[in-house]
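I have placed the structure first, in the form of structure tokens, so that the comments after it can refer back to it.
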2 protein chains.
Amino acid sequence: MPAARKDAFSPEEQQLAALARALSHPARIAILRELAQHNTCICGEIVSALPLSQSTVSQHLHVLLEAGLIQGTVDGPRSCYCLNTSAINAFGSALGDFFQTLGNQQCC
Amino acid sequence: MPAARKDAFSPEEQQLAALARALSHPARIAILRELAQHNTCICGEIVSALPLSQSTVSQHLHVLLEAGLIQGTVDGPRSCYCLNTSAINAFGSALGDFFQTLGNQQCC
DNA sequence: TCATTTTATCGTAAAAATACGATAATAAAA
DNA sequence: TTTTATTATCGTATTTTTACGATAAAATGA
């Protein structure tokens, strides 16, 4: 990627792509599932639930945070993450809209 | 990624992540949009519609093909792509199910 | 037949993602 | 205060992604 060409696309396309990228690793799918299973916030049990090292899980959590899909209250040693349901629902409907504009085609 | 850890996750998580990865670049979002606008198949007008070189667009098309989101009939000089609507709809509902399991949480 | 047009592929380079160990930081517990 | 437990960050290595130019392939048109 000798030059970042992403800025040559529309904001909508960039946003949709950025959110899809946040979901583009099975570990992050698994983290979201894990957070959804515990309806209360979770801390480091995520690490035990995943086949990855602590630092790697922390990286994936950071990606999900940056994308806005989860929230985290970093209170000292015991940080606590949870789903950002409003962002998740917004993303879900944005994706739904996108798929709807695609799905009604008759082609080939 | 000193070792491919993706196989340590469930097939569902891998599939969902793989499809999200196919959407994780604005060029590929734009390609899908472009294919949807022309309800007939399109060939190389995609290249003119995108701010990328021909070989790069071809690579993105290959990614979308691999993911099954588009179909391509490579008939000689003039290959023809179109949306794979069934795969797109299947992906859309899979994502919808995933978001539904996430969206009903009350947390933090 | 030969040129032209269109597209895929190859080779390459740079950037980003992924993963881990080691370390730092921070609050609670002893 | 010192220790312990938990988590983020740093440094690094490897892989993958992204991008382009150049080339090859393949059918159409002259």
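These figures come from a predicted structure and were not determined experimentally. Here is the naming used below: chain letters follow the sequence lines, and residue numbers restart at 1 for every chain.
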### Query
Can you tell which of C/dC20, D/dC20, C/dA8 lies closest to the side chain of B/Y81?
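My answer, after comparing the listed nucleotides, is C/dA8.
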### Query
To the nearest 0.5 Å, how far apart are CD in B/Q37 and CG in A/L102?
10.5 Å
### Query
Got a second to check how far B/L16's CG is from A/I29's CD1, nearest 0.5 Å?
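Going from CG on B/L16 over to CD1 on A/I29, the span is 4.5 Å.
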Specify the separation, in whole Å, of atom [atom1] of [X] and atom [atom2] of [N].
X	N	atom1	atom2	result
B/I70	C/dT7	CD1	P	13 Å
B/E66	D/dT16	CD	P	14 Å
B/L52	D/dT17	CG	C1'	13 Å
A/H62	C/dA17	NE2	P	11 Å
A/L65	D/dT7	CG	C1'	13 Å
B/I42	C/dT7	CD1	C1'	15 Å

### Message
Once side chain to side chain contact (heavy atoms under 4.5 Å, CB included) is applied, do any residues pair with B/Q54, and if so which ones, sequence neighbours excluded?
### Response
B/V47, B/S58
### Task
Applying ring-ring contact (aromatic ring centres under 6.0 Å, His included), name anything that partners B/F98, two or more places apart in sequence or on another chain.
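Listed in chain order: nothing, the list is empty.
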### Query
Residues two or more places apart in sequence or in another chain: which of them pass ring-ring contact (aromatic ring centres under 6.0 Å, His included) with B/F99?
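B/F99: ring-ring contact (aromatic ring centres under 6.0 Å, His included) contacts with A/F91.
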#### Entry: Residues within residues 11-32 of chain B bordering DNA chain D, heavy-atom distance below 4.0 Å
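Contacting residues: B/R21, B/H25, B/R28.
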### Task
Under 4.0 Å between any heavy atoms, over every strand shown, what does B/L61 touch: base, sugar-phosphate, or nothing? Just pick one.
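The residue B/L61 makes no contact with any strand.
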Do [X] and [Y] come close enough that some side-chain heavy atom pair is under 4.5 Å?
X	Y	result
A/L32	A/L23	yes
B/E34	B/I31	no
A/L50	A/H60	no
B/L95	B/L19	no

### Task
For the pair B/R28 (side chain) and B/A22 (backbone), establish whether a donor and an acceptor sit closer than 3.5 Å, ignoring hydrogens and angles.
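Yes; at least one donor-acceptor contact below 3.5 Å.
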### Message
Under a 3.5 Å distance rule, please check whether B/N84 uses its side chain to pair with a backbone N or O of B/Q71 as donor and acceptor.
### Response
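Side chain of B/N84 to backbone of B/Q71, a donor-acceptor pair under 3.5 Å: no, none is there.
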With the criterion being N/O to N/O and under 3.5 Å, what pairs connect the protein with nucleotides 28-30 of chain C, and how long is each?
none

Tabulated below should be each protein N or O lying under 3.5 Å from an N or O of nucleotides 21-23 of chain C; please produce it.
residue: C/dG21; atom: N7; partner: A/S55; partner atom: OG; Å: 3.3
residue: C/dG21; atom: O6; partner: A/S55; partner atom: OG; Å: 3.3

### Message
Please tell me if B/H60 has a side-chain N or O lying less than 4.0 Å from either OP1 or OP2 of D/dT17.
### Response
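Checking D/dT17 against B/H60, no side-chain N or O comes under 4.0 Å of OP1 or OP2.
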#### Entry: Any residue meeting side-chain hydrogen bond (donor to acceptor under 3.5 Å, both in side chains) with B/S55, in chain and number order, not counting sequence neighbours
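With sequence neighbours excluded, B/S55 shows a side-chain hydrogen bond (donor to acceptor under 3.5 Å, both in side chains) to B/S53, given in chain and number order.
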### B/Q59 or B/E45, whichever maps to the more 5' nucleotide of DNA chain C
B/E45
### Query
Residues in salt bridge (charged side-chain N to carboxylate O under 4.0 Å, His left out) with A/R33, at least two apart?
B/E13
Check nucleotides 2-4 of chain D for protein N or O atoms closer than 3.5 Å to its own N or O atoms and list the pairs.
none

### Query
For the residue pair B/H25 and A/F9, does the interplanar ring angle fall in the parallel (under 30°), tilted (30 to 60°) or perpendicular (over 60°) class?
perpendicular
### Query
When the nearest nucleotide of DNA chain D is assigned to A/V47 and to A/F9 on a heavy-atom basis, which residue is associated with the more 5' position?
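Final value for this comparison: A/V47.
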